[in-house]
Amino acid sequence: MKMTVVEQVKQQLKDEIIQAVLKAGLATGEQIPDVVLETPKDKAHGDFATNMAMQLARIAKQAPRKIAEALVENFDKKKGHIREIEIAGPGFINFFLDNSYLTRLIPTILEEGDDYGQSTKGSGKKIQIEYVSANPTGSLHLGHARGAAVGDTLIRILRKAGYEASPEYYINDAGNQIGNLTTSLEARYFQALGIEKEMPEDGYQGQDIVKLGQQLAEKYGDEYVHKSDKERNQFLRNFGVEHLMAKIKKDLSDFGVHFDVWFSETSLYESGEITSVLEKLKERGHTYEQDGALWFASTKFGDDKDRVLIKSDGSYTYLTPDIAYHLNKFLRGFDQLINVWGADHHGYIPRMKAAMEALGYDPNRLEVQIIQLVNLFKDGEKVKMSKRTGKAVTLRELMEEVGTDAMRYFFAMRSSDSHLDFDIDLAVSRSNENPVFYVQYAHARICSMLKRAESYETASLEEVDLSLLTSEKEIDLLKKVGEFPEVIADSAEQLAIQRMTTYLFDLASTLHSFYNAEKVLDPENKELSRARVALMKAVKITLKNAMDLIGVNAPVSM
RNA sequence: GGCUCCGUAGCUCAGUGGAUAGAGCGUCGGUUUCCUAAACCGUGCGUCGCAGGUUCGAUUCCUGCCGGGGCCA
């Protein structure tokens, strides 16, 4: 695998640290712990630091600072690009590098362009992410929106980190909710024709169903009133699911979220996978009959109680097709399954994992990311949401009010297991308080400079003297830009998308700071200007790629 | 009651077992004859909910408790 410039330098440094440990006779090759090389928060602590001396304290049975001294004595400065080494604190070894290597980043980044940041860390591991999976019984609301943003961003980050990531939406188009949808729609259809018909008790009250009923009346008149119940039901069911799914798909695609696979629950019935998964559970001895129902002995696998698979009336619980679906995923050869679920589903995790284990799979291969609630704030007050009255704020409404960029950014900004306060006023404000604008402005600012920079450009990058980039702000920018591949790898590994947003903000901030301190286009100093233009191009590419990962547009002007 | 998430600065939140715990906003004060001031610079701001435990070292891991949100019963 091709290593980035930063990785090469770090690797070299790690190798030299190991050499120093061996030379100092502090530990044998086998005893040496993994070399941890961190980037200190405080610049005064060097470019990189290692805690090796502390880690060796027990093995070498010496005080950390004493070990550190021995290490420094035996360290080959020349090989490690080291300008200075110091021992600090309880035994940290701080390395100050000769930062000239950083300028090598620029040609690499300019060459890689959109691919900059791409790595093979995930080594093609096949990961499936199932997210949103809202029932086709209405519009997507804010919880779905957050799930959509999180899932899609995860997909993008995982792919950039070298995983093979497949997004999938599970359509609950069988089950009770759909029966309810059908009877709700039937009532609305009849009502639109002026025929009295009551809505089912817990029917879907939303306006969208009313409209669908009207559409049906306009298009088909009373044609389906006179058909048999079975025929009408079948028709209304398909009509409803189709239309509501079309709407959901449109909402998602306008939100920048795209799925490879739309998996239908009904298909599990048709293919016989539900009966076969039940057979499989029975064969393995994990089911029993009681009170006329078929139970799954999930407590054997850590669940707090056993679960019904087939109710006494012969119908399936919603768990049953779900188990079949997850088995289907494994049979398709995914190494890892990730489900992005709303907080209201957390109680579902143990039984799902139990089912996987009962079927002979390692339950750790199923990972569930729980998305906590979103609270909307407007004019400093919490916006109340009520599903009952059909007044829940929808993805579509918020998208129209604040735009996709703000939504995507805000949803990617927080760790998904924290509650999220979404401030509408902040999201639309064109001020420096709004992080979306702040980040986008950094990109637009560079584009604006580059537009004016044409007179400074030379025929090729080789003619630009990048060694002129030595100021503090320039080094800061180069380091930041060089971190990008690592940030991607980390956030992929930890499934922590907020790391990407944090990084993006930092990078924008570093750029703004540089911009105010140094002049990029200086007619008095064309050589330096050319070098800085090249640097700006590298920063622009990095900003753009990072924004792509969270699904935010990178405007060329604002 | 069971399960789960959260508890870090006045507010909203970052923080892969490491150094003096960070950012934005808010406070106060500065910066533009100059590439977009949607920006920058400076300034204060903390019993990391509490108590134990593991560790050379805990905001981070474990246990218990307290407080808040959510789900289930």
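Chain identifiers are assigned alphabetically (A, B, ...) following the order of the sequence lines, protein sequences preceding nucleic acid strands; residue numbering begins at 1 within each chain. Quick caveat: nothing in here was measured; it's all calculated off a predicted structure.
Nearest-nucleotide mapping onto RNA chain B: of A/Asn516 and A/Ala343, the residue sitting toward the 5' end is A/Asn516. In terms of position on RNA chain B, the residue among A/Ala444 and A/Gln494 whose nearest nucleotide sits closer to the 5' end is A/Gln494.
Between B/rC65 and B/rG24, the two C1' atoms lie 34 Å apart (nearest whole Å). The separation of B/rG64 from B/rG18, taken at their C1' atoms, amounts to 27 Å, rounded to a whole angstrom. For the P atom pair drawn from B/rG10 and B/rC48, the interatomic distance equals 12 Å after rounding to whole Å. Nucleotides B/rC13 and B/rG17, compared at atom C1', are 22 Å apart to the nearest Å. Nucleotides B/rU55 and B/rC3 have their P atoms positioned 28 Å apart, rounded to a whole Å. Using atom P as the reference point in both B/rU12 and B/rG26, the two lie 15 Å apart (nearest Å). The separation of B/rG22 from B/rG44, taken at their C1' atoms, amounts to 15 Å, rounded to a whole angstrom. Spacing between B/rC25 and B/rG67 at atom P, rounded to whole Å, works out to 35 Å.
The distance between atom CG of A/Asn375 and atom C1' of B/rU12, rounded to the nearest whole Å, is 13 Å. Rounded to whole Å, atom P of B/rA23 lies 19 Å from atom CG of A/Leu426. Regarding A/Asp417, its CG atom lies at a distance of 13 Å from the C1' atom of B/rA14, rounded to whole Å. With rounding to whole Å, A/Lys519 atom NZ is found 12 Å from B/rU33 atom P. A/Asp303 places its CG atom 19 Å from the P atom of B/rC71, with the value rounded to the nearest Å. Rounding to whole angstrom units, NZ of residue A/Lys473 and C1' of B/rC41 are separated by 8 Å. Protein atom CD1 of A/Ile87 is 20 Å distant from nucleotide atom P of B/rG18, rounded to whole Å. Whole-Å rounding puts the A/Glu433 CD to B/rA23 P distance at 18 Å.
No side-chain N or O of A/Asn135 forms a donor-acceptor pair with one of A/Thr137 less than 3.5 Å apart. The closest side-chain donor-acceptor pair between A/Gln498 and A/Thr501, if any, does not fall under 3.5 angstrom. Judged by distance alone, the side chains of A/Asn339 and A/His326 do bring a donor and an acceptor atom under 3.5 Å apart. A/Ser513 and A/Lys473 form a side-chain donor-acceptor contact under 3.5 Å, judged by distance and modelled atom types alone.
Not one side-chain nitrogen or oxygen of A/Arg414 sits closer than 4.0 Å to the OP1 or OP2 atom of B/rC6. Within the 4.0 Å cut-off from OP1 or OP2 of B/rC35, not a single side-chain nitrogen or oxygen of A/Arg445 is found. Checking the phosphate oxygens (OP1, OP2) of B/rC13, no side-chain nitrogen or oxygen of A/Thr502 falls inside 4.0 Å. Side-chain nitrogen and oxygen atoms of A/Gln62 include none within less than 4.0 Å of the OP1 or OP2 phosphate oxygen of B/rC56.
Base pairing in RNA chain B yields stems of at least 3 consecutive Watson-Crick or G-U pairs, both distances under 3.5 Å, namely B:1-7 with B:66-72, B:10-13 with B:22-25, B:28-31 with B:39-42, B:49-53 with B:61-65.
For A/Asp304 against B/rG2, a side-chain-to-base donor-acceptor contact under 3.5 Å is absent. A donor-acceptor contact under 3.5 Å is not formed by the side chain of A/His419 with the base of B/rG70. Judged by distance alone, with hydrogens and angles left aside, A/His512 brings no side-chain donor or acceptor close enough to the base of B/rC40 to form a pair under 3.5 Å. Counting distance only, with no hydrogens placed and no angle test, the side-chain atoms of A/Asn94 and the base atoms of B/rA19 include a donor-acceptor pair under 3.5 Å.
With rounding to the nearest 0.5 Å, the separation of CG in A/Asp34 from CD in A/Gln55 is 8.0 Å. With rounding to the nearest 0.5 angstrom, the CD1 atom of A/Ile323 is 5.0 Å from the CG atom of A/Leu309.
When side chains are defined from C-beta on, A/Trp341 does not count as touching A/His346, because their heavy atoms never get closer than 4.5 Å. At a threshold of 4.5 Å between non-hydrogen side-chain atoms, the residues A/Glu401 and A/Lys378 count as touching. Looking only at side-chain heavy atoms (C-beta outward), A/Gln177 and A/Tyr204 come within less than 4.5 Å of each other.
Among the heavy atoms of the strands lying under 4.0 Å from A/Ala88 is at least one base atom, whether or not backbone atoms are also near. Counting any heavy atom pair closer than 4.0 Å across all strands shown, A/Ser448 reaches a base atom. At the heavy-atom level, A/Ala49 lies under 4.0 Å from base atoms of the strands shown. Residue A/Glu518 is in base contact, counting any heavy-atom pair closer than 4.0 Å across all strands shown. Among the heavy atoms of the strands lying under 4.0 Å from A/Ser415 are primed sugar atoms or P, OP1, OP2 only; no base atom is included. Residue A/Leu521 is in base contact, counting any heavy-atom pair closer than 4.0 Å across all strands shown. Heavy atoms of A/Glu493 sit nowhere under 4.0 angstrom from any nucleic acid atom. Residue-level contact check: A/Tyr348 touches neither bases nor backbone, having no heavy atom under 4.0 Å from any strand.
In this structure, the ring of A/Phe296 has its center no less than 6.0 angstrom from the ring center of A/Tyr288.
For A/Glu38, counting side-chain heavy atoms from C-beta on, the closest listed nucleotide (B/rC35, B/rA19, B/rU12) is B/rA19. Distances were taken from every side-chain heavy atom of A/Ser513 (C-beta onward) to each of B/rA14, B/rC41, B/rC35; the shortest belongs to B/rC41. The A/Tyr438 side chain lies nearest to B/rC40 when the options are B/rC40, B/rC35, B/rG15. Of the candidate nucleotides B/rA19, B/rC35, B/rC71, B/rC35 has the atom nearest to the side chain of A/Tyr515.
Under the rule for a side-chain contact (heavy atoms from CB on, under 4.5 Å), the partners of A/Pro350 that lie at least two apart in sequence or sit in another chain are A/Asp303.
Stacking of A/Phe505 onto the six-membered ring of B/rG24 is not present when judged by under 5.5 angstrom between centres and under 30° between planes.
Relative orientation of the A/Tyr348 and A/Tyr318 rings is parallel, given thresholds of 30° and 60° on the angle between their planes. Below 30°, between 30° and 60°, or above 60°: for A/Phe410 and A/Phe422 the angle between ring planes is between 30° and 60°, a tilted geometry.
Residues from residues 476-489 of chain A that place a heavy atom under 4.0 Å from any atom of RNA chain B: there are none.
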